Each structure stands twice: as C-alpha cells, then as structure tokens.
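Scroll down for the structure; my scribbles are underneath it.
Being a predicted model, the structure only gives us computed values, none of them experimental. The sequence lines fix the lettering, A, B, ..., with proteins before strands; numbering per chain opens at 1.
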Amino acid sequence: MDATAVLAWYDRHARDLPWRVSPADRAAGVRPDPYRVWLSEVMLQQTTVAAVKKFFLRFTSLWPTVFDLAAAPLDSVLKEWAGLGYYARARNLHACAEAVVRDHGGVFPQTSAGLQTLPGVGAYTSAAIAAICFDEKIAVLDGNLDRVLARYYALPVPVREAKDELRAALQASVPQRAGDFAQAMMDLGATICAPRTALCMLCPIQRGCIATEAGDPTVYPIKPTKAERPVRKGHAYVMLDASGDVYLQSRPDKGLLAKMTEVPGSDWAADLPDANYPAQGDWRHRGQVVHIFTHFRLELEIWSATVPAETLDGGWWTEPAALKSEALPTLFRKVLATAGLE
DNA sequence: AAATCGGGGAT
DNA sequence: ATCCCAGATTT
C-alpha cells in the first residue's frame, strides 16, 4: 500500500476534530495530549464521531487532566456518560485514570504494550494512542480499516477469520508518520471508502485496490451471517409521591446498564410477566417503550401512579426538574418521557 | 470462539 | 427497517 499517497491525501483532507492535532500542526512540532487522545479513543469505541463530540467537549471541560478525572467520583463520571452507551467503558475510564495517576505518576505509558495493560484499553486503543501520540510504527486496525483492507485485498472471507493477516499486511505499510497514517486511514474509511458507498475516484489508494479493479468494492467485506434479535418484554413502574417527585434506584453492579439509574420494573422475559406493582396506588397504563439493544429488542409496558413515599426504600426521590442530572440511560429517559415526565 | 455490552446517525 | 460505528471484556 502506498502510504506516501495516503499521507499526501491526509495533508489536504484531514477531518477537523476536537481531539486531533492537524497534520500541519504536527509537522510544526505540536504533540497530541495523551489524555485527550485516550479519552477520545475510549469514547469512540463502537460509537460514531458525531455522537462523541459533545461528550468529549463536556468531559474535557469538567476534567481537563487525568488528575481531575481520577479525582472525580465514579458517580459523576457515570452521570456524564449517560446516553453514550456501553457503560463498562465509563467504569473502565475512571479505573484507568486512577491507575495512571497511582501507578504512573499521571503520565500515560508511551508504548502500545504498556498502554494495553490499562483498564478498557485493548488491542485497537493501545495501538491508536501509541501511534497518534508517540508515532509508534504499529498497525492501527479498527472497523474502518477492516473495511478498507478487505476491499483493497478483496478478502474472500469475513474479516474476523483473517484479522492477523490484515494486521500483518497493514503493519508492513506503516510509515514514519505513523500517527498521521493511522488517522489518515480512518478518515479514508469514514469519508471515501464508506460502508455503502466507495468514492474510488477520490481515493489515494485506488491503484492497487483489487476489489475496485474487479468492479464493485462494496461487495466487501464479506459479512458473517447474523443471528436474529430475540424480543424481551417487561413492565416499568414510574412512581410519584404527593409532591410529584419521582422514585429512582440504582441498577446492579454487574450486567446490562450496570450501576446506572433506573425506575423499578419487572424481569425482562420472552413472555410478558404479570404486572406486580411495587406499591399501592392508582396505577395507570401510560404506553409502551420499544428499545433496541445489540442482542435483543426490549418492549416495556409503562405504568405510573402516585404512591405514599414512606412505603419504599433502597432508592431515592428526585424532582422532575432534576432528572437531567441523573445517570439515566436513554432507555429510562424514554420510559420517563412516556410516563409524562421530562 | 462466542456472547455480552448501548445508542444513534446514515441510508 | 437495517447497518455499523476509532472495540473490550467475559464466558
């Protein structure tokens, strides 16, 4: 692969992103802040640039350094992460900040191997930080690169079955400007060699792309057959006290939406469980919420009632106006909205 | 190797 | 409605 052509393209067409040092600034000697690069990379795991931007700006405003983030309570980190999804990332983010401060004096390790020992930092993220911050010559292989390389080599099998070969091929192409190259290839995948469209006429590596020579690059990557999404059903109970405050509680420490805030509810099962109200009240059915998770579809029946406050314990009461500052995942924001709140 | 773990933007 | 995103961790 022609890394020189990729870098020349990047010098002209690099995306302007809040966590990025532009190629011109890098050439002038500006180095990226590993804290900001790490934070952005964790947020970007399985998450689009568009969705991440405002969270990144909020986090760096609240916590400008790794010391600030390590000193923050986990609860406040989860609250700010609410809505971004994959909440294990937020818990690992906080644990990682603590580890960097406690074990590394607040300085991120400067190699991919060192970085990968940190919580929530795996093969991709460690390589990305090492390349972007320290120009380590290492293959940075994310979902974009999977697609670009699958097309470039007309990979005849799903990417998962040839990950090591793709990584080796990419590794052999990494130039001196390893950080710019990694970001260039990701920009290429995001803007030129996109999932449904390939703008091959604009692509700096069109020459050499086997799928393009063969005709239609978008037939790659070959997709593995996907399992269908099962349906789970349940009830959610929105309780108000006499003053209109809402009853909230914390989810368990492990599993889906762990440690996030919720309203009480039933189990989620293939067959709708019987309604079992958590307190006596004027229960009314308010509608249904459908929420799509990665591995199942959830259909919740939404109930609300005014109940005596003293009959409940384990959770807390919140004014409706204060709901925005609770660690509520999107699912439960939809539940509350259906019950007439928010 | 397969399952788990969210949410939204683009099409 | 489907696809898939700057994946990591657990089983």
Item checked: Heavy-atom neighbours of A:Arg58 CZ exceed 12 at 6.0 Å -> no

Item checked: A:Asp253 and A:Arg91 ion-paired at < 4.0 Å -> no

Next item on the list: For A:Tyr87 and A:Pro329, indicate whether the former's side chain and the latter's backbone hold a donor-acceptor pair under 3.5 Å.
Entry: no

Check: Counting side-chain heavy atoms from CB outward, which of C:dC3, C:dA6, C:dC5 is closest to A:Val49?
Finding: C:dA6

Note to self: With rounding to the closest Å, how many angstrom separate the P atoms on C:dT10 and B:dG6?
What the structure shows: 14 Å

Margin query: Ring of A:Phe296, cation from A:Arg232 - is the NZ or CZ under 6.0 Å from the centre and inside 45° of the axis?
Written below: yes

Margin query: For the aromatic rings, using the six-membered ring if either is Trp, is the centroid distance between A:Phe293 and A:His295 under 6.0 Å?
Written below: no

Next item on the list: Would you please indicate if the ring centroids of A:Phe59 and A:Trp81 are separated by under 6.0 Å?
Entry: yes

Check: Mind checking the C1' distance from C:dT9 to B:dG8? Whole angstroms is fine.
Finding: 23 Å

Item checked: Those residues of residues 83-94 of chain A lying under 4.0 Å from DNA chain B by at least one heavy atom -> A:Gly83, A:Leu84, A:Gly85, A:Tyr86, A:Tyr87, A:Arg89

Note to self: I'd like to know if A:Thr47 reaches the base of B:dG6 with its side chain such that a donor and an acceptor end up less than 3.5 angstrom apart.
What the structure shows: yes

Note to self: Is it the case that the base of B:dG6 and the side chain of A:Thr294 share a donor-acceptor contact (distance under 3.5 Å, atom types as modelled)?
What the structure shows: yes

Next item on the list: Assess whether one donor atom and one acceptor atom, taken from the side chain of A:Arg15 and the base of C:dA6, lie less than 3.5 Å apart.
Entry: yes

Margin query: Given C:dA6, B:dA2, B:dT4, identify the nucleotide with an atom nearest to the side chain of A:His295.
Written below: B:dT4

